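So the structure is just underneath, and the comments pick up after that.
The analysis underlying the following values was restricted to heavy atoms, covering all of them including side chains, and did not include hydrogens, waters or symmetry mates. Quick caveat, the model's predicted, so the values are computed rather than measured.
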Amino acid sequence: MSVAKPLPHDAAKLHVTGAARYVDDIPTPANALHLAFGLSEIAHGEITGLDLEAVRTAPGVACVLTADDLPHHNDVSPSPAPEPMLATGRVHYVGQPIFVVAAESHLAARKAVRLARITYAEKPALLSIEDAIAANAIFEDAPRHYTKGDAEAALATAPKLIEGSIDIGGQEHFYLEGQAALALPQEGGDMVVHSSTQHPTEIQHKVAETLGVPMHAVRVEIRRMGGGFGGKESQGNALACSCAVVAALTGRPAKMRYDRDDDMVITGKRHDFRIDYQVGIDDAGRILGLAFEQYCRCGWSMDLSLPVADRAMLHADNAYHLEHVSIRSHRLRTNTQSNTAFRGFGGPQGMVGIERVLDHIAFAVGRDPLDVRRLNYYAEGGCLPPAAAGSPPEDISGLKQAGAVQTTPYHMPVEDFVLHGLTDQLAQQAEYGVRRAQIRAWNETSPLIKRGLALTPVKFGISFTLTHLNQAGALVHVYQDGSIHMNHGGTEMGQGLFQKVAQVAAARFGVDVGAVKITATDTGKVPNTSATAASSGSDLNGMAVQAACDTIRDRIAECIAPDLQARPEDIVFEGGMLRAGGAEISFPEAVQKAYMSRVSLSATGFYKTPKIVWDRIKGEGRPFYYFAYGSALTEVAVDTLTGEYRILRTDILHDAGASLNPALDVGQIEGGYVQGAGWLTMEELVWDKAGRLRTHAPSTYKIPAVGDTPPVFNVALWEGSNHEETVYRSKAVGEPPLMLGISALMALSDAVAACGDGALYPALDAPATPERVLWAIERVRGAA
């Protein structure tokens with residue numbers, strides 16, 4: 001069977017040889033125009049003068065457009081709240097596009113935009129979370145509030161009360177391929193758009209809206225992206241719409257790509273958060289009541305901030321059963337880039353908040369942090385033992401009524417919790433207890449270098465929280481020679497989605513994966529696609545492809561059944577053959593027979609995720625089909641004189657269900673951990689007092705490199721399968737591993753705590769840069 005095999009990425013050779021074609025590699029017609037945006041130089045104000053004469057007369061310039069020149073809509077927002085493609089009289093952040101230039105070359109366009117003379121009536125700008133709180137600058141009428149139990153009463157009666165706060169910085173996507181789009185005008189006013197996007201249908205919708213044409217007049221194609229991480233879910237809209245407008249107005253192809261500096265200045269980031277908490281505990285460290293205040297900096301427009309902030313609330317429990325909890329979320333408006341989707345989509349920020357709480361509790365009660373985490377875990381499987389629940393009935397509704405099923409803060413039953421066994425296995429294999437003792441002994445004798453160790457869990461919900469997005473379509477053709485052509489709504493950004501889905505198709509037909517070809521994602525083949533996001537690419541598109549393949553397979557089996565003297569349902573597709581009893585026929589022969597018999601060898605497939613019911617306003621329901629789990633153990637060493645540190649070793653055990661491709665999944669886990677650890681340790685975004693992003697290039701913004709990965713890096717897959725009926729019982733593995741990187745932050749906190757006498761908790765903020773680590777060391781030493 002093709003599934004469960006550790007096959008390499010389908011385009012691995014193309015990637016490493018430079019032969020893989022991205023949007024910027026598509027041969028551009030000789031008469032193509034190249035676009036660049038003219039950007040705001042202030043964070044907030046009115047445009048009082050816009051002199052573009054020098055821009056229009058610059059060498060190579062074909063046309064210059066402002067908002068007034070757009071033929072129809074000027075909205076590129078992915079949310080119901082508008083977001084103008086080009087500023088309309090007022091600017092809201094440094095880097096906001098004001099006008100667009102189309103020139104004969106990329107360089108000519110870049111040079112021309114710098115010739116604009118723009119004057120402003122500058123206004124005060126809100127730049128920080130504190131600024132927005134003081135100004136009550138929010139995107140919803142009131143904070144969103146999810147509750148379970150009575151947190152206020154539980155906090156009032158708890159034996160111990162702990163309070164704290166953590167600042168969590170944002171993160172630049174830093175995809176290797178920047179934002180890019182190419183629009184090719186067609187006859188009759190139609191438009192073909194090549195866009196580096198995770199959401200082809202949204203590009204199609206926004207381009208059609210901008211041109212004032214039906215969606216059927218716009219076809220969007222994307223073969224691959226050079227990374228996305230959520231940054232290409234909505235941020236590509238402005239480029240695609242600009243190219244389409246210029247192409248429609250001039251009749252010439254139009255292309256746009258951001259240079260790295262422009263990309264970082266214009267586009268949104270991961271949302272930065274401040275999370276305040278109050279937690280009531282007993283003497284052992286068990287959580288009795290918990291209240292979170294989550295402050296989310298959204299930037300100047302909504303973009304995807306509301307669902308991002310929602311998901312932060314939905315992951316505020318992580319792996320811990322909270323009987324009495326209050327989670328209040330504030331969505332703050334500031335004069336900075338409009339923050340957007342990023343791997344984990346708010347879940348990582350919510351998870352960092354609760355992991356800080358558990359770390360703080362362990363410090364306060366003087367217990368091993370892993371013991372405190374285990375104490376507060378959901379029960380194995382999410383159900384209490386029968387004795388504790390009074391021997392409840394077997395069905396889940398009866399169990400819930402009997403108090404035997406534990407529920408999340410949003411009242412969803414947890415039916416598949418596996419972290420007790422998974423954590424125990426990781427702790428045993430990585431020798432947690434032995435290493436904890438060794439590190440304690442090291443720290444007692446080493447005055448300069450302190451070590452830290454932390455094991456943190458992950459429980460991550462899988463599904464779009466916007467219910468209607470949990471659907472996918474596919475189109476499969478089997479040609480008369482037995483080769484298979486497949487198309488689906490998912491997009492490939494290096495994660496291996498195409499290979500996984502090809503393996504599913506190969507398994508359904510019982511052929512080698514080499515017989516299957518997947519072509520570029522194309523809105524003209526599969527309509528109404530959902531974004532490749534929320535870790536749902538394989539779940540949704542794999543099931544849609546499976547449905548299409550099964551339709552064709554059943555037709556072939558019915559046609560061949562008389563030849564094999566068998567019932568269609570008894571025919572087995574395996575090893576490139578169709579077998580029943582002792583008779584067999586090769587797959588190509590069977591396909592040829594079906595073709596000659598005028599049997600359709602093409603089919604569409606469709607899948608919608610079951611069981612999803614969610615009310616985001618009430619904060620009640622089942623927003624997720626299932627949970628993915630994992631644990632990471634990280635060891636660090638800190639230089640107490642400088643705050644510099646190294647990750648020495650990482651051990652990971654992650655739950656991918658019955659993995660479709662273990663090699664690809666392990667790669668995603670490794671990359672996710674490094675990206676998560678980078679976010680929480682070294683990736684720092686800095687704005688100056690004027691609202692200008694100062695970390696806008698590789699020279700000033702640092703992502704983890706090879707030398708930053710732990711020299712000892714052990715990754716293994718948890719042996720198990722999904723209890724829900726996903727494709728071959730696999731589990732999503734795109735986003736959950738990023739949160740394994742939280743263990744690096746907690747390990748640094750552990751090392752800093754070793755510098756003091758136990759009187760003061762380190763309260764380490766993220767990213768835990770060497771400066772912040774040193775400040776934390778000085779704080780705990782000041783209390784000694």
Side-chain angles (χ1 to χ4, degrees), residues 143-168 273-296 312-330 347-379 406-411 414 419 454-459 619 680 739 742-743 745-746 749-750 752-753 758-766 776 779-780 783:
R144 183 66 46 221
H145 193 199
Y146 295 168
T147 62
K148 175 187 168 187
D150 189 339
E152 185 177 353
L155 289 169
T157 58
K160 292 180 182 288
L161 186 66
I162 298 171
E163 295 182 315
S165 181
I166 182 171
D167 289 329
I168 308 167
F273 272 60
R274 190 186 92 194
I275 299 179
D276 300 338
Y277 56 88
Q278 284 187 315
V279 57
I281 59 172
D282 64 18
D283 292 335
R286 181 180 285 104
I287 295 174
L288 304 177
L290 178 59
F292 278 124
E293 296 286 338
Q294 296 182 346
Y295 298 92
C296 171
M313 300 176 75
L314 295 173
H315 287 84
D317 63 324
N318 191 17
Y320 310 106
H321 182 227
L322 307 174
E323 292 189 82
H324 301 282
V325 59
S326 166
I327 307 164
R328 187 177 282 106
S329 173
H330 308 258
Q349 294 94 316
M351 212 173 284
V352 168
I354 187 66
E355 289 303 323
R356 157 59 75 85
V357 168
L358 269 294
D359 197 58
H360 199 163
I361 292 171
F363 182 89
V365 300
R367 294 188 63 186
D368 186 292
L370 181 55
D371 291 341
V372 174
R373 287 185 165 91
R374 281 186 173 126
L375 177 67
N376 286 285
Y377 271 178
Y378 285 95
Q406 296 178 334
T407 61
T408 65
Y410 43 93
H411 309 282
V414 178
L419 275 173
L455 192 156
T456 60
V458 169
K459 172 182 127 297
L680 294 171
M739 283 145 282
I742 297 172
S743 62
L745 177 64
M746 295 304 134
S749 179
D750 186 55
V752 172
L760 188 65
Y761 179 65
L764 188 60
D765 289 330
R779 282 198 302 272
V780 300

Quick one: pull up [atom1] in [X] and [atom2] in [Y] and give me the separation to the nearest 0.5 Å.
X	Y	atom1	atom2	result
F273	I166	CZ	CD1	12.0 Å
I168	I742	CD1	CD1	8.5 Å
I287	I162	CD1	CD1	9.0 Å
I327	L290	CD1	CG	7.5 Å
D359	L745	CG	CG	8.0 Å
T456	R356	OG1	CZ	14.0 Å

Which atom names give the shortest non-hydrogen contact between [X] and [Y], and what distance separates them?
X	Y	answer
P457	R373	CD-CD, 3.9 Å
I275	G353	CD1-CA, 3.9 Å
L155	G280	CD2-N, 3.3 Å
K160	V365	CD-CG1, 4.4 Å
G289	A154	CA-CB, 3.7 Å
M351	K459	CE-O, 3.6 Å

Given side chains that start at C-beta, do those of [X] and [Y] come closer than 4.5 Å, heavy atoms only?
X	Y	value
Y761	V780	no
R367	L375	yes
V279	I361	yes
P409	Y146	no
M313	F292	no
S749	P762	yes
Q294	R328	no

Donor-acceptor contact present, side-chain [X] to main-chain [Y], <3.5 Å:
X	Y	value
S326	A291	no
R779	L760	no
K148	L322	yes

- Task: Fit a plane to each ring of H330 and Y295, take the angle between them on a 0 to 90° scale, and name the class: parallel (under 30°), tilted (30 to 60°) or perpendicular (over 60°).
- Result: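 Answer is parallel, since the angle falls under 30°.
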- Item | Parallel, tilted or perpendicular, as decided by the 30° and 60° cut-offs, for the rings of H321 and Y378 |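 Rings of Y378 and H321: tilted, as their planes differ by 30° to 60°.
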- Task: Take L680 and V352 through the test side-chain contact (heavy atoms from CB on, under 4.5 Å) and record every step on the way to the result.
- Result: CA-CA 9 Å; L680 294 171; V352 168; 4.0 Å; yes
- Is there any salt bridge (Lys or Arg N to Asp or Glu O under 4.0 Å) pair reaching into residues 273-292, and which pairs are they, with sequence neighbours excluded?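 Of all non-adjacent pairs touching residues 273-292, those that pass salt bridge (Lys or Arg N to Asp or Glu O under 4.0 Å) are E130-R274, R274-D276, D282-R286.
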- With sequence neighbours left out, what residues match H324 under ring pair (Phe, Tyr, Trp, His ring centres under 6.0 Å)?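 Not a single residue meets the ring pair (Phe, Tyr, Trp, His ring centres under 6.0 Å) criterion with H324.
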- Item | Test applied, side chain to side chain contact (heavy atoms under 4.5 Å, CB included); reference residue, R374; option that passes from N376, V372, L370 |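 With R374 as partner, side chain to side chain contact (heavy atoms under 4.5 Å, CB included) holds for just one option, L370.
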- Would you check, one step at a time, whether the test side-chain hydrogen bond (donor to acceptor under 3.5 Å, both in side chains) holds for Y320 with E355? CA-CA 10 Å; Y320 310 106; E355 289 303 323; 2.8 Å; yes
- Message: With side-chain contact (heavy atoms from CB on, under 4.5 Å) as the criterion, how do E293 and Y277 come out once you've worked through the C-alpha distance, each side chain's angles and the decisive distance to 0.1 Å?
- Response: CA-CA 6 Å; E293 296 286 338; Y277 56 88; over 6 Å; no
